[in-house]
Amino acid sequence: MLSAALLTGATFLPGMAKAQDDSDLAPQAQLSVSQQLSLDNGDLIGRIPLDLSLRTGTRSEVFGMTASVPLRLGDPDDEDDFGIGDRQAELFYRRFARQSSIELQGRYVEADLDRLIFFDELVDDIVTLDGGRRADTGLRAGYAFGSQSKLGGEFNLGYLDRRYIDTTDPDLTDSQTIDGAATIFLEPTPLIRARILGSALETESEGTGTDTRRHRAGVGASIQANRRINLDLELAQSSIRREDGDTGLVDESDGLSWSGTATYLRPLGDYTLTVSSDPGTEGRRDRLKFGHSLERPTYTLSLSAGVTRLDGGDLDPTVQFAYSRELDRLSRAQLSLQRDAISDLDGNEAINTSLRGSYNRQLDERSSVGISLFFRKSEVQRGDRQDARSVALDISYSRTIRQDISVSAGVNVVRSRESDGLRDDDDRIYVGLGRSFNFLR
């Protein structure tokens with residue numbers, strides 16, 4: 001869940017140097033305290049969710065923080081009938097100065113493995129069934145300069161600490177990952193923006209886990225071929241080394257990594273064609289993808305479809321779909337589907353499918369309802385993990401009694417399965433009363 005967000009430097013900085021909207025500048029601070037009674041898998045449990053959010057900024061910088069800590073009473077899995085549920089916290093800081101910007105970000109998420117699907121917006125991990133928990137601590141720093149000049153650059157540094165708590169699967173090992181990336185941009189002509197790039201990643205795993213070293217260096221260029229066609233080309237030398245902590249076996253891979261993208265600009269939406277090939281310890285991964293995007297006043301749509309192939313294997317279809325629409329003044333719907341090949345931190349290769357859908361409607365001035373559906377599936381192609389899938393449904397209702405007091409109710413259901421027959425089910429029904437305290441206004 002967190003690893004891709006914190007380990008992908010290329011998507012971290014774009015757009016950082018944009019000016020802040022006036023609505024983002026007003027200081028905001030809110031503390032929400034709720035009292036809930038929930039029925040969890042037949043057990044009656046008391047919950048006290050605590051949610052804190054803070055945001056402040058100026059035209060040149062912005063700072064924000066969010067935290068969610070649900071206390072619980074009477075859960076039979078806790079000692080002394082007291083415990084803390086799935087919690088998370090985020091901290092970010094951005095500063096802008098003409099054509100340069102700096103960003104600092106931190107995140108902590110700890111949740112039951114069977115409920116990570118509610119937190120996970122990414123598909124870079126293999127679906128895992130186990131009765132324990134996972135705690136991720138991530139930090140990232142980024143700096144960019146010269147976004148509109150002939151010489152520019154982007155630099156990123158990240159850290160991820162992953163801990164498994166009370167798990168039984170020996171393949172779930174604690175690990176620490178450090179990664180860094182640097183890109184220098186050069187603009188020899190107004191129609192060509194070249195780049196020199198380099199990146200490195202190092203994962204140290206405990207016990208029988210897999211240690212990984214990955215390096216990449218190369219060049220690329222974005223080219224405006226004519227008024228309607230843009231090209232992007234990249235060629236890099238990649239090397240990967242993985243060492244199994246259990247057997248001591250070492251797998252290494254060295255080779256060229258390349259990609260090419262052609263974009264055809266149209267008033268009704270752009271068309272893209274992308275081809276790429278990357279080496280890996282389980283074989284070379286080739287991809288071909290065709291995409292189209294649309295943006296309208298009431299909806300946005302992006303769609304891509306293609307195929308991928310792991311060296312020596314069959315062709316597998318891939319798809320990415322994202323749709324968001326304002327149905328009317330009171331309701332909004334979103335749907336996304338992604339099916340693509342992934343390689344996790346241990347080198348396991350899989351085809352992951354992720355589906356997320358939501359519908360929100362304002363019933364009246366005081367009431368609202370929300371429905372969310374989540375689905376994830378991992379089909380392992382090479383590695384020692386099991387095929388697995390997980391589906392979850394969340395339905396929530398809230399009504400404001402007065403300006404700072406509201407009642408809420410909801411239900412969420414999780415069903416998970418592995419190919420070896422292991423299953424994990426989780427059901428929760430709750431009702432609660434909450435109050436919000438606003439500061440800095």
Side-chain angles (χ1 to χ4, degrees), residues 1-5 8 11 14-15 86 88 109 111 114-127 261 263 266-274 287-308 316-342 350-363 367-379 387-398 408-417 425-428:
M1 163 179 56
L2 181 62
S3 59
T8 307
T11 61
D86 302 336
Q88 62 178 333
V109 176
D114 60 353
R115 299 183 66 81
L116 277 175
I117 192 170
F118 291 112
F119 296 86
D120 198 349
E121 297 181 358
L122 303 164
V123 292
D124 67 318
D125 283 341
I126 293 176
V127 177
T261 300
T263 303
R266 296 290 294 170
L268 297 180
D270 300 339
Y271 296 87
T272 60
L273 177 64
T274 301
R287 290 180 172 90
L288 171 66
K289 181 171 64 176
F290 177 76
H292 181 49
S293 62
L294 284 171
E295 186 170 348
R296 294 293 179 266
T298 59
Y299 73 92
T300 59
L301 170 67
S302 64
L303 172 66
S304 68
V307 292
T308 181
D316 292 293
T318 63
V319 64
Q320 287 182 300
F321 173 84
Y323 177 75
S324 177
R325 185 180 184 93
E326 297 282 352
L327 301 178
D328 52 46
R329 292 189 307 107
L330 302 177
S331 58
R332 181 180 182 86
Q334 294 178 296
L335 180 65
S336 65
L337 171 65
Q338 182 170 347
R339 187 178 194 271
D340 205 353
I342 66 103
I351 299 293
N352 268 13
T353 302
S354 175
L355 172 69
R356 300 173 66 89
S358 66
Y359 172 77
N360 296 279
R361 182 171 181 82
Q362 191 75 28
L363 301 177
S367 305
S368 64
V369 63
I371 302 174
S372 298
L373 176 67
F374 310 84
F375 173 79
R376 285 195 60 194
K377 181 180 180 181
S378 294
E379 301 168 79
D387 293 352
R389 68 183 186 272
S390 182
V391 61
L393 174 67
D394 180 81
I395 302 174
S396 62
Y397 169 82
S398 66
S408 61
V411 56
N412 47 69
V413 179
V414 182
R415 296 288 183 268
S416 302
R417 303 288 186 274
D425 299 335
D426 186 86
D427 303 301
R428 178 178 299 172

Q) Strictly by modelled atom types, are S324 and T300 linked by a side-chain donor-acceptor pair under 3.5 Å? A) no

Q) When rounded to the nearest 0.5 angstrom, what is the spacing between CG in L116 and OG in S416? A) 10.0 Å

**Q.** With sequence neighbours excluded, residues passing side-chain hydrogen bond (donor to acceptor under 3.5 Å, both in side chains) with R415
**A.** D427

Q: Indicate yes or no: at least one non-hydrogen side-chain atom of V391 is less than 4.5 angstrom from one of L373.
A: yes

Q.
According to side chain to side chain contact (heavy atoms under 4.5 Å, CB included), who are the partners of T263, at least two apart in sequence or on a separate chain?
A. N230, T261, L265, D270, T272

Q. Can you check whether N360 reaches S368 side chain to side chain, under 4.5 Å on heavy atoms?
A. no

Q: Could you pull out all residues at least two apart from A333 that satisfy side chain to side chain contact (heavy atoms under 4.5 Å, CB included)?
A: L327, Y359

Q.
Using side-chain heavy atoms (C-beta onward) and a distance below 4.5 Å, is F321 in contact with L301?
A. yes

(Q) What verdict does the salt bridge (Lys or Arg N to Asp or Glu O under 4.0 Å) test give for D425 and R417, after you've listed the backbone C-alpha separation in whole Å, the side-chain angles of each residue and the deciding distance to 0.1 Å? (A) CA-CA 9 Å; D425 299 335; R417 303 288 186 274; 2.9 Å; yes

**Q.** CG-OG1 distance between L288 and T318, expressed to the nearest 0.5 angstrom
**A.** 8.0 Å

(Q) Rounded at 0.5 Å granularity, tell me how far CG in L303 sits from CZ in F290. (A) 9.0 Å

(Q) If the condition is side chain to side chain contact (heavy atoms under 4.5 Å, CB included), which residues does E379 pass it with, not counting sequence neighbours? (A) R339, I351, T353, K377

Q.
Surrounding CZ of F375 (heavy atoms of other residues, nucleotides or ligands, distance under 6.0 Å), is the total greater than 12?
A. yes

Q: For D86, enumerate each residue passing the salt bridge (Lys or Arg N to Asp or Glu O under 4.0 Å) test, keeping only those at least two apart in sequence or located in another chain.
A: R115, R133

**Q.** Heavy-atom pair with the smallest gap, counting every atom of I117 and D114
**A.** CG2-O, 4.3 Å

Q: Could you check whether the rings of F374 and F118 sit parallel, tilted or perpendicular, using 30° and 60° as the cut-offs?
A: perpendicular

Q | V127 backbone acceptor or donor facing S378 side chain under 3.5 Å | A | yes

Q | Within-4.5 Å side-chain heavy-atom neighbours: L330 and L363 | A | no

Q) What pairs meet the salt bridge (charged side-chain N to carboxylate O under 4.0 Å, His left out) rule with one or both residues in residues 319-334, with sequence neighbours excluded? A) E326-R332, D328-R361

(Q) Rounded at 0.5 Å granularity, tell me how far CG in D340 sits from CG in N352. (A) 9.0 Å

Q | Separation of Q320 CD from S304 OG (nearest 0.5 Å) | A | 4.0 Å

Q: Would you check if I126 and R376 make a side-chain contact, meaning some heavy-atom pair closer than 4.5 Å?
A: no

